[in-house]
Each structure stands twice: as structure tokens, then as C-alpha cells.
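In this text, all values refer to a predicted model and were calculated from it rather than measured experimentally. Atoms considered below: every heavy atom in the structure, side chains included; atoms not considered: hydrogens, waters and symmetry mates.
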4 protein chains.
Amino acid sequence: MTKPVANGVDAKALTAFLERIENLEEEKRALADDVKSVYGEAKATGFDPKIIRKVVALRRQDATKRREEQEMLDLYTQSLGLFD
Amino acid sequence: MTKPVANGVDAKALTAFLERIENLEEEKRALADDVKSVYGEAKATGFDPKIIRKVVALRRQDATKRREEQEMLDLYTQSLGLFD
Amino acid sequence: MTKPVANGVDAKALTAFLERIENLEEEKRALADDVKSVYGEAKATGFDPKIIRKVVALRRQDATKRREEQEMLDLYTQSLGLFD
Amino acid sequence: MTKPVANGVDAKALTAFLERIENLEEEKRALADDVKSVYGEAKATGFDPKIIRKVVALRRQDATKRREEQEMLDLYTQSLGLFD
DNA sequence: TCAGATAAAATCGCGC
DNA sequence: GCGCGATTTTATCTGA
């Protein structure tokens with residue numbers, strides 16, 4: 001039976017947090033590998049990975065830009081709300 | 001029915017690859033958010049996130065080291081197998 | 001007269017590099033302060049700094065997007081060049 | 001002649017602020033490039049950039065610490081001055 | 001194997 | 001003081 005609380009730190013709780021974090025990061029790593037695989041497949045199919053990366057980047061930028069423009073509008077709305 | 005192959009690029013296949021990649025990256029983002037949440041919980045429980053990050057980094061280094069040593073062993077095993 | 005090369009490291013050259021780097025970073029910090037001042041001025045003039053930040057971000061995104069699209073075109077041109 | 005004030009926002013003043021900010025940030029970017037160049041030089045001279053970064057970080061910490069201690073002293077001086 | 005580019009992590013600083 | 005966003009630094013990866 002290990003001491004539940006030693007040196008003022010709850011080792012059990014700490015370990016639980018560590019494991020949750022590490023599991024999540026392991027899953028992330030697995031997904032990153034999957035992404036790499038897809039690029040590999042695309043390349044094998046004749047696509048230039050470099051170009052695909054650019055397309056992905058552009059589409060992400062579009063999404064980001066759209067979101068920012070929406071936030072912009074919200075800010076204006078909010079500001080105008082001051083006169084209500 | 002859109003042209004399956006236009007300008008020498010198979011738009012359908014390309015789109016499929018793009019979507020697979022983007023879905024995977026979305027999942028990665030979701031996991032990253034989860035990790036952040038766990039750090040938030042840990043902080044609320046009284047742990048210092050900064051220290052937890054250090055611990056995670058240390059354990060990851062250990063794990064990496066162990067993995068590399070294992071790969072080393074595998075290489076040796078493999079090499080020795082050549083003489084079987 | 002300090003030794004120009006001790007322990008295999010050229011302390012004089014190292015120091016020179018350090019100072020160049022530190023001077024440049026000091027200049028960066030000064031510019032960052034200037035930026036902050038401008039936001040302060042803008043706020044004092046009645047502008048919402050938050051909105052200005054968004055506008056700056058959007059304009060930067062535009063520039064980035066344009067650049068990326070150009071790189072995209074270059075990539076295609078390059079790819080097509082393979083058939084030359 | 002464009003309207004100086006439309007929709008309640010002074011477009012001219014806004015533009016002026018935007019340009020000041022963007023110019024400053026452009027200068028920052030230029031300095032960042034310079035820093036990168038110096039690291040490149042250092043590397044070409046045989047120094048490990050990674051180590052140089054560590055040294056720079058350490059010296060910055062020292063400087064910060066020294067500054068804080070000075071502020072501490074100033075506070076004391078100031079406090080003592082109250083009794084003058 | 002290394003340089004350059006890309007993406008991830010950590011740190012910093014601001015505004016709320 | 002805390003979360004959040006931006007910046008900076010570290011690590012990974014790809015291509016030469």
C-alpha cells in the first residue's frame with residue numbers, strides 16, 4: 001500500500017493526469033502517422049505531395065480567414081451595440 | 001457527371017486525399033484541445049501545469065531512449081539471425 | 001590578455017556573435033514597444049484596439065494568401081515543366 | 001475627394017495607424033531575419049546554434065533577474081525615502 | 001546525412 | 001490572476 005499523499009503531492013492523482021495526457025499524445029502521434037501515410041499514398045498515385053500540402057494550406061487559410069471575418073463582424077456588432 | 005480527369009489531374013481522387021488529410025488533422029486538433037483541458041483540470045486540482053509539462057517531457061525522453069535501445073537490440077537480433 | 005582560444009572554443013568570436021544577436025533582439029523589443037504605443041494612441045483617438053488588431057490580421061492573411069497562391073502557381077508551372 | 005469620415009469611422013486616421021503598425025512589424029520581421037543570418041554565420045564558423053540559443057536565453061534570464069533585483073532596491077530606496 | 005521547410009510545443013504578454 | 005492569443009523556440013520531416 002503506497003502512501004496516497006507524500007511530500008504534499010498526491011502521487012496517485014498526478015499519475016492519473018500524466019497517463020491521460022500521454023494517452024492523448026500517443027493518439028495524436030498515431031494520427032500524424034496516418035497523415036503521413038495518406039501523403040505517401042497520394043504520392044504513389046502520382047500526386048506531388050508538395051502541391052497537396054499547398055492546397056491543404058490554402059484551404060485552411062480560407063477557413064481561418066472566413067472565421068476571422070466573422071469575428072470582425074461580431075466585433076463591429078458589439079461596438080455598435082454600445083449605442084443601444 | 002463531372003469530368004473524372006481534367007487537365008491531367010484526377011479531381012475526384014485529389015479531393016478524396018484532401019478530405020482524408022483534413023479529417024485526420026481535425027481529429028488531431030480535437031485531441032490537442034483535450035490535452036489542454038487535462039492541463040486545465042490538473043491546474044484546478046492544484047498541480048502546476050508547467051511542472052507537469054516537464055514531467056511529461058522527461059518521461060517521453062525516457063520512453064524514446066528505451067525505444068531506441070529496443071531498436072538497437074532488434075538490429076542486433078536481426079543481424080545475428082542472418083547467421084542462423 | 002585573455003586567451004583567444006580556450007577549451008577549443010573561440011571565446012572572442014562567440015562573444016561577438018552573442019552581442020550581435022542580443023543587440024538585434026533588443027531592437028526588436030524596442031519595435032514591439034513602439035507597436036504597443038501606436039495601439040495606445042489609436043485607442044486614445046477612439047479606435048477599438050481589438051478591431052484594429054483584427055484588421056491587421058486580415059490584411060496580413062491576405063498578403064500571405066496571395067503569396068501562397070503564387071507559390072502554388074509556381075509549383076504547377078514547375079510540375080508542368082517536367083513535360084518539356 | 002473621399003469622405004474623411006464615413007460610417008462614423010475616420011478612414012484616414014485608421015489607415016495611418018494601420019500603416020504605422022504594419023511598417024513597424026515589417027521592421028521586426030527584417031530584424032528577425034538578421035538574427036537568423038547571424039545564427040547561420042555562427043554555424044558556418046563552427047558554433048552549434050542550439051547551444052548559442054541556450055547561452056542567449058541564460059544571459060537574458062540573468063539580465064532579467066538583475067533588473068528585478070534593481071527594481072527591488074529601488075522600491076526599498078523609495079520606501080526609505082518616505083521617512084526622509 | 002544534412003539543410004531547409006513544416007508543424008508542434010512552450011513561453012510570453014496582453015486584455016478581461 | 002486567469003485564460004487566450006501571438007510569438008518564439010523546438011522537433012520532425014522531406015528532399016537533395
Side-chain angles (χ1 to χ4, degrees), chain A residues 21-22 24-29 31-40 42-43 47-58 60-61 64 67-68 71 75 78, chain B residues 21-22 24-26 28-33 35-44 46 48-58 60-61 64, chain C residues 21 24-25 28-29 31-33 35-40 42-43 48-54 56-58 60-61 64 67-68 71 74-75 78, chain D residues 21 24-25 28-29 31-33 35-37 39-40 43-44 48-58 60-61 64:
Chain A
I21 291 167
E22 287 167 352
L24 289 168
E25 300 205 322
E26 177 55 36
E27 292 181 54
K28 274 175 63 184
R29 234 168 289 129
L31 286 172
D33 286 349
D34 289 349
V35 170
K36 214 168 17 169
S37 298
V38 177
Y39 276 108
K43 184 173 189 174
F47 290 105
D48 180 346
K50 214 164 173 178
I51 289 182
I52 298 197
R53 280 179 196 282
K54 274 272 173 269
V55 177
V56 170
L58 281 172
R60 181 168 38 210
Q61 278 184 347
T64 301
R67 199 176 318 125
E68 299 246 338
E71 281 167 10
L75 276 177
Q78 222 177 315
Chain B
I21 291 166
E22 287 167 351
L24 289 169
E25 300 205 323
E26 177 55 36
K28 276 173 61 184
R29 232 166 290 129
L31 285 172
D33 285 349
V35 171
K36 204 157 46 161
S37 297
V38 177
Y39 276 109
E41 270 186 62
K43 181 171 191 175
D48 181 347
K50 208 166 173 177
I51 292 181
I52 297 197
R53 282 179 194 282
K54 286 276 178 238
V55 177
V56 169
L58 282 174
R60 181 168 40 210
Q61 279 181 346
T64 301
Chain C
I21 290 166
L24 289 168
E25 300 206 323
K28 274 173 64 183
R29 234 167 289 129
L31 285 172
D33 286 349
V35 170
K36 210 162 28 165
S37 298
V38 178
Y39 276 108
K43 184 173 188 175
D48 179 347
K50 214 164 174 179
I51 290 182
I52 297 196
R53 280 179 196 282
K54 275 270 172 270
V56 170
L58 281 172
R60 180 168 41 207
Q61 278 184 346
T64 302
R67 200 178 317 125
E68 299 245 340
E71 282 167 11
D74 292 348
L75 276 177
Q78 221 177 315
Chain D
I21 290 166
L24 290 168
E25 300 206 323
K28 274 175 62 184
R29 233 168 288 130
L31 285 172
D33 286 349
V35 171
K36 207 156 44 160
S37 298
Y39 277 109
K43 181 172 191 175
D48 181 346
K50 209 166 174 178
I51 291 182
I52 297 198
R53 282 180 193 283
K54 286 274 179 240
V55 176
V56 170
L58 281 174
R60 180 167 38 208
Q61 279 182 346
T64 301

* Of the nucleotides E:dA8, E:dT11, F:dT9, which has the atom closest to the B:Lys54 side chain? -> E:dT11

* Starting at CD1 of C:Ile52 and ending at C1' of E:dC14, how long is that distance when rounded to a whole Å? -> 16 Å

* Take atom CG of C:Leu31 and atom P of F:dT7, then tell me their distance rounded to the nearest Å. => 14 Å

* Structure fact -> When rounded to whole Å, the CG to C1' distance for the pair C:Asp33 and E:dG13 reads 11 Å

* To do: Looking at every strand, decide which applies to A:Lys50 at a 4.0 Å heavy-atom threshold: base, sugar-phosphate, or nothing.
  => nothing

* Check the distance between E:dA3's P and D:Lys36's NZ and give it to me in whole angstrom. => 15 Å

* Asked: Are the side chains of B:Leu31 and B:Lys28 in touch, meaning some heavy atoms are under 4.5 Å apart?
  -> no

* Asked: Once you round it to whole Å, what is the distance between P of F:dT7 and CG of D:Leu24?
  -> 13 Å

* Asked: Heavy atoms under 4.0 Å, any strand shown: does B:Arg60 hit a base, just sugar-phosphate, or nothing?
  -> sugar-phosphate

* Check every strand shown and say whether C:Lys43 touches a base, only sugar-phosphate, or nothing at a heavy-atom separation below 4.0 Å. => nothing

* Decide yes or no for A:Glu25 and A:Glu22: does some side-chain heavy atom of the first lie under 4.5 Å from some side-chain heavy atom of the second? => no

* To do: Would you indicate whether the side-chain heavy atoms of A:Glu71 and A:Arg67 approach each other to under 4.5 Å?
  => yes

* Asked: To the side chain of A:Pro49, which of F:dA11, F:dG15, E:dA7 is closest?
  -> F:dG15

* C:Glu68 side chain reached by A:Lys54 side chain, heavy atoms, under 4.5 Å -> yes

* To do: Could you tell me the separation between the CD atom of C:Gln61 and the P atom of F:dG5, rounded to a whole number of Å?
  => 14 Å

* What's the spacing between B:Arg53 CZ and B:Asp48 CG if we round to 0.5 Å? -> 10.5 Å

* Tell me which of B:Ala57 and C:Tyr39 sits closer to the 5' end of DNA chain E, going by the nucleotide each one is nearest to. => B:Ala57

* **Whole-Å distance separating the CD atom of A:Glu25 from the C1' atom of E:dA7** => 14 Å

* Report the residue (A:Lys28 or C:Glu71) whose heavy-atom-nearest nucleotide on DNA chain E is the more 5′ of the two. => C:Glu71

* Of the nucleotides E:dC14, F:dT14, E:dA8, which has the atom closest to the C:Arg53 side chain? -> E:dC14

* Asked: Given atom CD1 of A:Ile51 and atom P of E:dT6, what is their separation to the nearest angstrom?
  -> 14 Å

* Starting at the 5' end of DNA chain F and moving along, which residue's nearest nucleotide shows up first, D:Ala32 or A:Asp48? -> D:Ala32

